[in-house]
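One-based numbering along the sequence shown.
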Amino acid sequence: MTGERRPLAERPLTEPHPSRLPSDHPDRARILAAHTAALAAGEAGYLDPASGLFVLSAGFLARRGTCCGRGCRHCPYVDDAPSEQA
């Protein structure tokens, strides 16, 4: 998976894979709002509302063209294959 060119997952860039941001995450709404704002502005990422850490946007990761395999929250390459949810 690392550095491998692959197609984007079949879901909107605004929707992270559930293995990366579960629907019951306590900060999900705030995270998705920050991510959507970053996507709309064409920014590389946003500051996580809970931790303050910088998180890369799905748009930035998609423009890179490859998956780094580091478990990015908004990875646009993760699909339902079991090997990619780790």
Trainee: Please round to the nearest 0.5 Å and tell me the distance separating atom CD of E15 and atom OG1 of T36.
Mentor: 9.0 Å
Trainee: Could you grab the distance from atom CZ of R73 to atom OG of S19, nearest 0.5 Å is fine?
Mentor: 12.0 Å
Trainee: For the atom pair SG (C75) and CG (L21), what is the distance rounded to the nearest 0.5 Å?
Mentor: 13.5 Å
Trainee: Could you go step by step and tell me if L47 and L53 meet the side-chain contact (heavy atoms from CB on, under 4.5 Å) rule?
Mentor: CA-CA 5 Å; L47 294 179; L53 297 174; over 6 Å; no
Trainee: Side-chain heavy atoms under 4.5 angstrom apart, residues restricted to Ile, Leu, Val, Met, Phe, Trp, Tyr: same cluster for L61 and F54?
Mentor: yes
Trainee: Any side-chain heavy atom of H74 sitting closer than 4.5 Å to one from L56?
Mentor: no
Trainee: Which heavy atom in L39 sits nearest to a heavy atom in G59, and how many Å separate them?
Mentor: CD2-N, 3.3 Å
Trainee: Indicate the atoms forming the closest heavy-atom contact of A38 with Y46, along with that distance.
Mentor: CB-CB, 4.2 Å
Trainee: Measure the CG-CG distance between L8 and L13 for me, rounded to the nearest 0.5 Å.
Mentor: 6.5 Å
Trainee: Using side-chain heavy atoms (C-beta onward) and a distance below 4.5 Å, is E10 in contact with D79?
Mentor: no
Trainee: Measure the spacing between CZ of R28 and NE2 of H35 and express it to the nearest 0.5 Å.
Mentor: 11.5 Å
Trainee: Is the distance between the ring centroids of Y77 and H17 less than 6.0 Å?
Mentor: no
Trainee: Given 3.5 Å as the limit, does a donor-acceptor pair link the side chain of R63 with the main chain of A58, or not?
Mentor: no
Trainee: Is a salt bridge present between R30 and D48, judged by a nitrogen-to-oxygen distance below 4.0 Å?
Mentor: no
Trainee: Would you give the length of the straight line joining atom CD of E43 to atom OG of S57, rounded to the nearest 0.5 angstrom?
Mentor: 8.5 Å
Trainee: Do P16 and L32 have side-chain heavy atoms sitting under 4.5 Å apart?
Mentor: yes
